[in-house]
Amino acid sequence: MDTGTDLLIGIIIVVVMLLVGLGVGLAVGRRSSASRGGDGKGRDRRVDLAGGAQDLTPMTSADEDSGQETVVPPKPRVAIIVNPSKPDAAGLEATAGAVCRQEGWDAPIMFETEVEDPGCTMARQALEQQVDLVVAAGGDGTVRAVAEVLAGTGVPMGVVPMGTGNLLARNLDIVLGRPEWALRIALWGEDTAVDVAHAQIEPGGKDHAFMVMAGLGFDAAVMADTDSDLKSKVGWLAYLEAGSRKLVGTRTKVRVTVDGGEPFTEKIRSVVAGNCGKLQGGITLLPEAELDDGILDVIVIAPKNAVQWIGVAASVLGRNKRKGLHTEIHRCREIIIESEEEIEVQLDGDAVGSSTYLAMQVEEHALTMRTATRQQKRAIRAEGWPIPVG
Ligand SMILES: [Mg+2]
């Protein structure tokens with residue numbers, strides 16, 4: 001029995017880790033202890049990768065001998081919106097200044113987020129300054145706020161992942177743990193049109209954007225219940241601690257409407273809608289989810305008890321179908337969940353309070369993201385990019 005109990009506890013822990021994976025996790029980054037490649041080889045590659053940086057070198061404004069005016073192209077400008085509470089934030093301004101100098105960009109315009117304003121106002125101010133690119137440097141919360149403002153503007157967005165989960169960066173294959181490389185991807189990467197998801201937590205209420213996953217129930221309750229001091233010290237262990245307290249609980253009866261169809265009722269523990277599907281640790285919660293298909297992938301999780309959570313875990317770990325044990329996936333453009341009881345809601349890992357209503361839609365190709373080119377990915381794998389020189 002001991003072995004069986006241990007196995008059960010082990011599997012329950014895996015389930016908790018899976019389901020609280022949103023916005024959570026090891027800020028592992030793949031920091032390499034290898035040398036940072038500031039050699040001649042790296043520099044040669046940089047010039048290739050920067051492509052066109054030399055064209056942006058300031059020139060004299062006139063050629064007096066020929067009498068012809070030379071038009072001086074302005075250097076491109078980037079605004080960087082940084083969450084100052086993240087450990088990597090302190091050195092970012094100096095790093096970004098050096099990278100921009102090296103790459104022929106104007107000095108970056110720096111903004112800091114605030115607890116009450118995770119990036120929306122700063123993104124609007126950046127747009128007012130007519131920058132060529134806006135970079136969100138922080139976790140998925142900062143990314144969500146900046147994306148909400150940039151959606152529909154056509155101004156490209158870059159990400160410097162500095163959070164605990166960094167789920168959007170993982171789904172877009174943006175390098176983790178190397179801000180200077182993530183910045184170069186932002187400056188010279190390729191423009192990729194991605195979908196933006198939207199959520200309203202009351203009928204006709206304020207619209208919130210999200211980029212990764214939003215939902216209500218168990219996962220949101222865990223995020224709401226997690227001590228933020230503990231989270232900053234021990235990362236995902238804090239969620240594990242909160243999750244273990246939430247695992248045993250009752251299901252809630254909800255009414256679900258998918259794409260305006262006939263509503264149906266379900267008893268659920270959690271409903272999670274994904275704009276993309278990867279969590280940390282190589283786990284994919286929503287195997288068919290794509291960031292650019294104009295579709296939300298929604299998983300309804302409905303185990304009755306701790307034993308059925310094992311089925312959920314098995315379904316998530318071994319998933320290749322839309323219907324698993326005590327889970328079901330809907331692929332849609334809009335889903336509305338209505339409940340008799342208040343249920344906690346989370347957007348990209350941020351608890352936003354309880355509601356009896358959650359509507360979510362997806363807006364296809366609303367945002368232009370900068371992602372790594374194949375050449376950049378090769379350079380990253382080879383550790384072939386130089387460190388910025390101050
Ligand atoms: Mg999608």
Side-chain angles (χ1 to χ4, degrees), residues 18-19 21-25 136 140-141 143-154 156-159 161 165-174 189-201 207-217 219-220 256-261 270-280 282-301 315-316 319-324 327-337 345-350 358-372:
L18 286 176
L19 294 174
L22 180 61
V24 185
D140 286 308
V143 169
R144 186 176 75 75
V146 173
E148 185 169 292
V149 174
L150 290 189
T153 65
M157 174 172 165
V159 175
N166 301 313
L167 293 185
L168 185 68
R170 285 172 203 271
N171 280 275
L172 286 172
D173 213 7
I174 290 172
E190 60 193 359
D191 286 345
T192 306
V194 301
D195 303 341
V196 175
H198 298 270
Q200 303 85 42
I201 57 173
D207 186 78
H208 304 272
F210 66 94
M211 294 305 295
V212 184
M213 292 179 203
L216 82 190
D219 58 318
V256 183
T257 310
V258 176
D259 283 339
S270 211
V271 177
V272 178
N275 197 27
C276 46
K278 279 190 214 165
L279 301 176
Q280 51 276 78
I283 292 163
T284 301
L285 182 65
L286 298 160
E288 292 181 281
E290 303 280 353
L291 254 172
D292 59 357
D293 61 358
I295 289 183
L296 273 183
D297 286 53
V298 184
I299 185 168
V300 177
I301 300 169
S315 296
V316 171
R319 176 176 290 286
N320 54 16
K321 293 179 192 159
R322 290 187 196 174
K323 185 153 176 60
T327 65
E328 194 172 288
I329 289 182
H330 301 277
R331 306 195 76 224
C332 56
R333 289 187 179 271
E334 179 179 54
I335 188 162
I336 301 170
I337 300 139
V345 177
Q346 63 83 13
L347 303 173
D348 281 352
D350 289 332
L358 178 63
M360 295 176 282
Q361 311 82 24
V362 62
E363 188 184 1
E364 191 168 0
H365 294 182
L367 181 65
T368 305
M369 292 290 311
R370 284 278 165 84
T371 59

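One-based numbering, in listed order, for ligands and for the atoms of each. The analysis underlying the following values was restricted to heavy atoms, covering all of them including side chains, and did not include hydrogens, waters or symmetry mates.
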Legend entry - Validation row: Glu328, Ile299 side chains within 4.5 angstrom (heavy atoms): no

Legend entry - Contacts of type side chain to side chain donor-acceptor pair (under 3.5 Å), residue Arg144, not counting sequence neighbours: none

Legend entry - salt bridge (Lys or Arg N to Asp or Glu O under 4.0 Å) against Glu363, all qualifying residues, sequence neighbours excluded: none

Legend entry - the Mg ion (ligand 1): protein N, O or S atoms that are less than 2.8 Å away, sorted by chain: Glu290 O, Asp293 OD1, Ile295 O

Legend entry - Under 3.5 Å: donor-acceptor pair, side chain of Arg333, backbone of Asp259: no

Inset, instruction - Give a yes or no answer on whether the side chain of Asn275 reaches the backbone of Val362 with a donor-acceptor pair at less than 3.5 Å. - result: no

Inset, instruction - For Thr371, check side chain to side chain donor-acceptor pair (under 3.5 Å) against everything at least two apart and list the hits. - result: Thr192

